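First the structure, in the form of structure tokens, and then the observations on it.
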Amino acid sequence: MTAPIADILIPLALDQAYSYAVPPGLPLREGDVVQVPLGPRETVGVVWGLRDGAGSNLRRVSGRIGVEALSPALRRLVEWIARYTLAPKGSALAMALRLPEESRTETARIGVRATGMPPSRMTPARGKVVAVAADGVVRGKRALSLEAGVSASVVDGLIDDGVLETVALAPERVAEPPDPDHPHDALSGPQAEAARALVATLTAPPPSGGTAGEGGVTLLEGVTGSGKTEVYFEVVAEALRRGVQSLVLMPEIALTAQFLDRFARRFGVRPAAWHSGVGGRRRERIRAGVASGEVQVVVGARSALFLPFRSLGLIVVDEEHEGAYKQDDGVCYHARDMAVVRGKLENAAVVLASATPSIETRVNAERGRYRRVAMPERFGGRRLPEIRAIDMRAEKVPRGRYLSPSLVSAIAETNARGEQALLFLNRRGYAPLTLCRACGHRYQCPNCSTWLVEHRFRRALVCHHCGHAERRPEACTECGTFDNLTACGPGVERIAEEVAATFPDKRVIVLSSDFPGGAERLRAELQTVAEGGCDIVVGTQLVAKGHNFPHLTLVGVLDADIGLTSGDPRAAERTFQLLQQVTGRAGRGEKPGRALVQTYQPEHPVIAALISGDAERFYAEETAAREVAGLPPFGRLAALVISCTDREAAEAHGRALARVAEPPPGVMVLGPAEAPLALVRGRYRFRLLVKTEREIDIQSYLRDWLARGPKVRGNLRVGIDVDPQSFL
DNA sequence: AGCACGCCGACT
DNA sequence: GTCGGCGTGCTC
């Protein structure tokens with residue numbers, strides 16, 4: 001006698017589905033969310049497979065849970081991600097299953113309505129309620145009492161009296177349906193043209209008949225200020241008309257009230273927003289709404305990628321190049337790439353939008369894997385800022401100072417016109433390195449392979465990797481010499497000090513992610529800058545993205561050379577993108593802007609390309625330079641992320657992998673020979689670069705390597721981060 | 001993720 | 001002599 005057996009995948013760090021017996025009378029289908037016994041407790045799991053077999057000694061599935069089944073496409077996405085990231089399948093599943101902890105049972109909301117009966121006794125408070133309710137409209141109890149200006153007990157009294165009757169209310173809508181034809185500003189010619197090209201890729205057929213597009217991925221490359229957002233809103237509008245769902249992915253920090261309002265101006269209502277701040281009940285509502293199809297547009301951070309869409313027709317990845325799309329703990333994945341994969345699995349069109357597309361995406365476009373739609377001009381006839389280099393070799397800057405005379409006079413001119421200047425330096429704190437003048441001792445993090453950064457305001461030395469902080473000592477901890485430590489190099493705090501000394505009567509604001517007072521104060525401060533409430537901003541890369549500063553007309557880059565010499569093969573690309581973004585902040589308001597870039601190597605390809613504005617040339621040169629350096633062209637670089645709770649085991653593994661004895665044919669470990677260690681969330685972690693000559697399956701190689709490798713203590717975990725290449 | 005099992009420091 | 005620290009391993 002054979003009985004049905006269900007293979008259940010459980011959202012834990014397990015790579016295999018467990019087998020359970022299906023009790024008679026419980027109809028199960030693949031994808032169903034069920035409860036199963038696991039050890040001493042009950043857990044949720046998902047039916048991953050069903051088969052017949054003799055399951056006499058198996059434990060039984062306890063029952064189904066009132067959550068929509070996972071669609072085949074979503075299940076395939078889970079499988080795909082687990083394989084691609086080397087994560088256990090269960091961990092990948094966990095991302096798609098984030099069930100709300102509490103209140104799965106929705107309490108029905110209750111509304112009240114006038115019955116037409118007069119109250120047995122009239123009071124002033126009752127009079128107000130009756131007057132409001134006279135129109136016969138159903139209102140929530142609380143809404144009615146608020147509107148009438150009385151307490152809720154008056155309403156309760158009237159219900160008891162029979163003046164009002166209660167009615168069950170439909171559950172509150174998570175998001176009102178967006179109106180694709182809500183009145184809005186007309187698109188410019190170039191915008192309309194770009195929108196048409198993107199709409200043509202939608203796979204859902206137009207309601208009026210006609211041909212559907214073939215989907216796939218399109219890069220929407222538009223310079224800062226070209227109006228990309230309105231363009232992809234238009235595609236979302238068309239998806240709405242065609243009755244398919246849209247997902248707009250954004251980096252978490254860009255997902256602001258400002259953006260949601262902008263959406264509301266286009267569509268009449270705010271979209272359903274999905275990010276880490278959306279909790280409990282609302283989260284579950286959105287999930288359910290997405291699964292039922294009631295929620296048609298979700299704007300969300302990377303985890304929105306795992307929502308159980310019913311009919312997903314469009315995925316937009318805004319700011320495609322953003323590093324925030326990388327998830328770095330647990331399952332390591334790049335949301336942009338997984339969006340491409342999900343788009344393929346769902347047969348949905350994917351739009352990658354950016355002013356500064358990543359190299360991977362550019363190369364994919366050049367090789368014809370992605371389509372490309374370009375918007376090279378700013379919207380409304382505005383000009384891109386003029387960018388000039390300041391050759392620091394020719395400037396006279398005193399020791400310990402960092403502002404060149406040219407930059408200082410530009411700031412003064414800008415402020416004199418009542419406009420703002422932004423000084424950009426991508427270094428938090430006061431000084432990136434502290435050393436003892438007597439013995440030369442350099443202060444280093446005890447956990448990570450990094451220097452400790454001085455934070456003068458906090459009087460501390462801080463590791464920017466793991467957060468380790470110690471008091472800045474008075475005497476050298478090595479040789480004991482008193483008061484002889486010296487701060488080497490600038491951070492934003494130090495620049496602010498210099499700015500305050502140079503412009504004593506100007507209002508200066510320092511903006512960095514460690515802003516004292518936390519995210520709330522930071523937000524307020526960004527608002528102050530946007531409203532023109534300060535003259536000079538000193539900021540880290542935080543100011544390069546998101547917020548719009550209309551009064552800003554001068555951007556000064558203090559040290560454009562930072563990052564050009566790091567060992568990371570992607571350093572040049574990253575620097576170029578960052579500088580392009582930050583200089584692009586200038587002149588986005590009424591007045592034209594300019595940018596001055598302090599550098600010691602104005603002829604460096606990154607700087608030269610920035611000044612000339614010739615991004616195409618830069619990417620061509622960068623591709624060539626990588627080849628000269630023996631690096632693979634794009635798409636064949638991977639970073640291995642190895643982490644371990646045990647420090648010694650982590651170091652041993654790092655060393656072993658760094659000079660891996662026998663990599664398979666076609667694979668090379670690029671080093672470094674000593675993998676730099678960092679402490680992240682209690683785990684020691686290092687990253688190693690690997691290249692392949694051919695498109696070999698790095699993932700299976702690593703699985704093998706780990707299986708053959710030594711057993712280690714301390715819960716070793718591996719992740720991988722590969723340039724997107726062959727998954728289309 | 002839980003939860004048990006197991007092997008070393010301070011307590012009624 | 002035990003209580004309990006959390007490191008390690010297992011859950012169909």
Side-chain angles (χ1 to χ4, degrees), chain A residues 1-65 67 70 75 78-79 81-82 85-102 104 276 279-280 283-284 287 303 306 327-333 447 642-653 679-685 703 706-707 709-719:
Chain A
M1 173 74 195
T2 62
I5 295 177
D7 293 314
I8 309 290
L9 189 59
I10 293 160
L12 300 178
L14 298 166
D15 197 44
Q16 282 185 334
Y18 285 167
S19 305
Y20 289 84
V22 181
L26 181 69
L28 281 186
R29 291 165 49 168
E30 293 188 352
D32 281 349
V33 184
V34 294
Q35 197 171 53
V36 289
L38 183 72
R41 71 214 135 96
E42 293 276 310
T43 336
V44 289
V46 174
V47 179
W48 221 245
L50 287 166
R51 61 198 159 90
D52 283 331
S56 52
N57 51 355
L58 293 176
R59 298 180 79 174
R60 291 170 149 210
V61 175
S62 312
R64 232 198 335 242
I65 284 183
V67 172
L70 267 65
R75 276 179 279 138
V78 166
E79 291 264 359
I81 288 180
T85 63
L86 302 170
K89 280 186 196 135
S91 304
L93 176 65
M95 301 195 293
L97 260 195
R98 295 270 151 72
L99 294 171
E101 320 70 49
E102 7 73 76
R104 197 160 299 129
S276 55
R283 212 174 163 80
E284 177 48 19
R287 230 193 87 93
S303 61
F306 299 98
Q327 168 132 90
D328 242 8
D329 51 50
V331 181
C332 300
Y333 67 92
N447 304 317
I642 312 269
S643 78
C644 194
T645 50
D646 182 277
R647 176 167 181 157
E648 277 175 34
E651 283 179 328
H653 247 79
L679 181 64
V680 183
R681 288 172 169 239
R683 307 181 66 89
Y684 290 92
R685 159 197 300 179
R703 271 188 211 280
L706 286 166
K711 270 272 167 216
V712 273
R713 314 189 300 133
N715 189 9
L716 184 79
R717 274 197 219 151
V718 192

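Computed from a predicted structure; not experimentally measured. Each chain gets a letter, A, B and so on, in the order its sequence line appears, and its residues count up from 1.
Here the CG atom belonging to L12(A) is positioned 6.5 Å from the OG1 atom belonging to T43(A), to the nearest 0.5 angstrom. Summarising the geometry, atom CD1 belonging to I81(A) is positioned 13.5 Å from atom NZ belonging to K89(A); distances are rounded to the nearest 0.5 Å.
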What protein N or O atoms touch nucleotides 9-12 of chain C N or O atoms at under 3.5 angstrom, if any, and at what distances?
residue: dT11(C); atom: O3'; partner: G39(A); partner atom: N; Å: 3.0
residue: dC12(C); atom: OP1; partner: P37(A); partner atom: O; Å: 3.4
residue: dC12(C); atom: OP1; partner: G39(A); partner atom: N; Å: 3.4
residue: dC12(C); atom: OP2; partner: R59(A); partner atom: NH1; Å: 2.9
residue: dC12(C); atom: O3'; partner: S19(A); partner atom: O; Å: 2.9
residue: dC12(C); atom: O3'; partner: R59(A); partner atom: N; Å: 3.3
residue: dC12(C); atom: O2; partner: S19(A); partner atom: N; Å: 2.6

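Looking only at distances, a side-chain donor or acceptor of Y20(A) sits under 3.5 Å from a matching main-chain atom of P37(A).
Taking atom CD1 of I10(A) as the reference point, atom C1' of dG2(B) lies 12 Å away to the nearest angstrom. Distance, E42(A) CD to dC3(B) P: 12 Å, rounded to whole Å.
Contact record, L50(A) with A6(A): CD2-CB, 3.8 Å, taken as the closest heavy-atom pair.
With respect to R64(A) and D32(A), a salt bridge is recorded, a charged nitrogen being found less than 4.0 Å from a carboxylate O.
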